[in-house]
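Have a look at the structure below, then the notes.
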Amino acid sequence: MIARPTLLSLQILVAVVLIGIWYIGSSVPIFGTYFLPKFFFSTPQDVFWRIVKMFSGTTIWKHIGITLTETMLAFVIGSVGGVVFGFWFARKPLVAAVFDPYIKMANALPRVVLAPIFMLWLGLGIWSKVALGVTLVFFIVFFNVYQGVKEVSPVVLANARMLGLNERQLFRHVYWPSALSWMFSSLHTSVGFALVGAVVGEYLGAAAGLGYLIHEAEGVFDVTGVFAGMSILAAFVLIVDAVVTQIEKALLVWRPEATQKN
Amino acid sequence: MAAGAVSLDRVTIAYPNGYEAVTAADLAVGEGEFVSLVGPTGCGKSTLLNAAAGLIAPAAGEVRIFGAPLQGLNRQAGYLFQQDALMPWKNAADNVAIGLEAAGVPRKDALDRAHVWLTRVGLKNFGDRYPHQLSGGQKKRVAMAQMLIRDPKILLMDEPFGPLDAQTRQIMGNLLLDLWAADRKALIFVTHDLEEAIALSDRVIIMSSGPKARIIGDHRIDLPRPRNALDIRLDPRFHEIQQSIWAQLRAEVIKAYGDAA
């Protein structure tokens, strides 16, 4: 294990080197030419000042708020749907067998192609983005919950039966916690996909949100704006991920892995 | 013998693929009797135990519990599994309390009684530990408390101490003897360890090697009680019994390994 300060300084070093190369390439002429012309690559300092400028106004918060709302809605709706259907399919093998090819088909479909249809159905507001996110989140949660219910240890199940638990109690004390633990193990992925759904949806047609900001800047070849939007998006993802990690730690105290990380 | 807590009447157990694990087994376990089932690996002793628990239905023959034919799960029995059977998402106290909660006992009362049982199995301050934070022996203690808190009339144990190291096994054997002696219940104990069986039991049943395993021996152990599972092994009588049973078991063990090889 590397010591934390060492690791942190190495991580910072990577950023410094990358930004350094970017800076030299875009701002310091070598033999009279720029390796990374400003028009295509902007410069680190321009992007930085653009971000500062964006945050000095209030509109950026509106965009972040919209993207966050879409992400949360997509995550919640997709998760609830995934849990319900995951349970249903796992407990009813006939249903699972009948729908199996359709589930596989739907899951294999690149969801981006659905975005225009959602826009047609649900308009340019947040709901078409939420719908796109839901189609992504649903399958991740669905497969995990399905697996979680299917893979409940037969010994734990037999033991619970011998201890006198009825079907309803088995659901509450055995199937449900097992499925939840699988769902939470995919929490990072599903939150990430909810965000992807929101941003891609905004990118393809919207009037607000981080994806819209990036798309708008691209439309006028404003590379600085694109990079600024991407940086804000990246920071946003890191914060969401950190929050998810905290939630995970609190909910999965009983898991050996969760404890070792502490 | 009295009415008998568990009686197996010509019980045959076959799997759907046609494999016949146990053939026409007769076994009667009286109330308060500690009976061990011993046999070579794969002889179907756990299968027979599962039939008594109602986890497997026999292909032929009948299982009777206190005289009544068994249908579905055996509600009067507690079962101690070889593998970890605790719910990993519940701490020790919740795991012990679950059987009472399922029976409708209010949660607070159930937890109070769970703590009493944890104390009884020597885990007084371990109530808030999760299974992965417990050692193998500690998990077995929790599982014993989990089973006994419901006060089942019959105890079924499937090589419960199999995964434990030698010393822990003997300590657990003593704990089991103490708990059992407190309110003698009918107990069927499956093991492949003859010494363990003799040290603990009133009767040792020998099974032949599978498939189509049969009960081939029924030995009464006349060692005095209360026993100490560690010290009893030094008793000369223990060795006499061991030698006489081993002669029979040895042939079956060789047969089982011969078939496997």
Shortest non-hydrogen separation from L86(B) to V156(A) and the atoms involved | O-CG2, 3.7 Å
Which heavy-atom pair separates A102(B) from L163(A) by the least distance, and what is that distance?
-> CB-O, 4.4 Å
Interatomic distance, L55(B) atom CG to R161(A) atom CZ [nearest 0.5 angstrom] = 9.0 Å
Segment of D84(B) engaging chain A (4.5 angstrom heavy-atom cut-off) = backbone
May I ask you to check whether over 12 heavy atoms, not counting those of F126(B), lie within 6.0 Å of atom CZ?
-> yes
Do other residues, nucleotides or ligands put more than 12 heavy atoms under 6.0 Å from R172(A) CZ?
-> no
Just wondering, are more than 12 heavy atoms of other shown residues or ligands nearer than 6.0 Å to CZ in F161(B)?
-> yes
Within a radius of less than 6.0 Å around CZ of F85(A), do more than 12 heavy atoms belonging to other residues, nucleotides or ligands occur?
-> no
In terms of heavy-atom contacts, M87(B) and A160(A) come closest through CE-CB, 3.9 Å
Please look at A77(B) and chain A and tell me whether the side chain, the backbone, both or neither of the residue comes under 4.5 angstrom of a heavy atom of that chain.
-> both
Quick one: list whatever passes ring-ring contact (aromatic ring centres under 6.0 Å, His included) with F87(A), sequence neighbours left out.
-> F171(A), W176(A)
Considering only heavy atoms and a distance below 4.5 Å, find which of A143(B), P88(B), P131(B) pairs most often with chain A.
-> P88(B)
Heavy-atom contact with chain A under 4.5 Å, split by part of Y79(B) = both
Part of I149(B) within contact of chain A (heavy atom distance under 4.5 Å) | neither
Which region of V174(A), side chain (C-beta onward) or backbone (N, CA, C, O), has a non-hydrogen atom less than 4.5 Å from a non-hydrogen atom of chain B, or is it both or neither?
-> both
Side chain, backbone, both or neither: which part of Q82(B) has a non-hydrogen atom closer than 4.5 Å to chain A?
-> neither
Rounded distance (nearest 0.5 Å) linking atom CG of L80(B) with atom CE of M162(A) = 11.0 Å
Heavy-atom pair count under 4.5 Å with chain A, highest-scoring of R75(B), R150(B), Q83(B) = R150(B)
Give a yes or no on this: more than 12 heavy atoms of other residues, nucleotides or ligands lie within 6.0 Å of atom CD of Q71(B).
-> no
Hey, mind stepping through H173(A) and K90(B) against side chain to side chain contact (heavy atoms under 4.5 Å, CB included) and telling me if it holds?
-> CA-CA 9 Å; H173(A) 294 288; K90(B) 288 186 184 291; 2.9 Å; yes
Answer with side chain, backbone, both or neither: which region of S181(A) has an atom nearer than 4.5 Å to a non-hydrogen atom of chain B?
-> neither
Write out all pairs satisfying salt bridge (Lys or Arg N to Asp or Glu O under 4.0 Å) with one or both partners inside residues 113-135 of chain B, taking only residues at least two apart or from two chains.
-> none
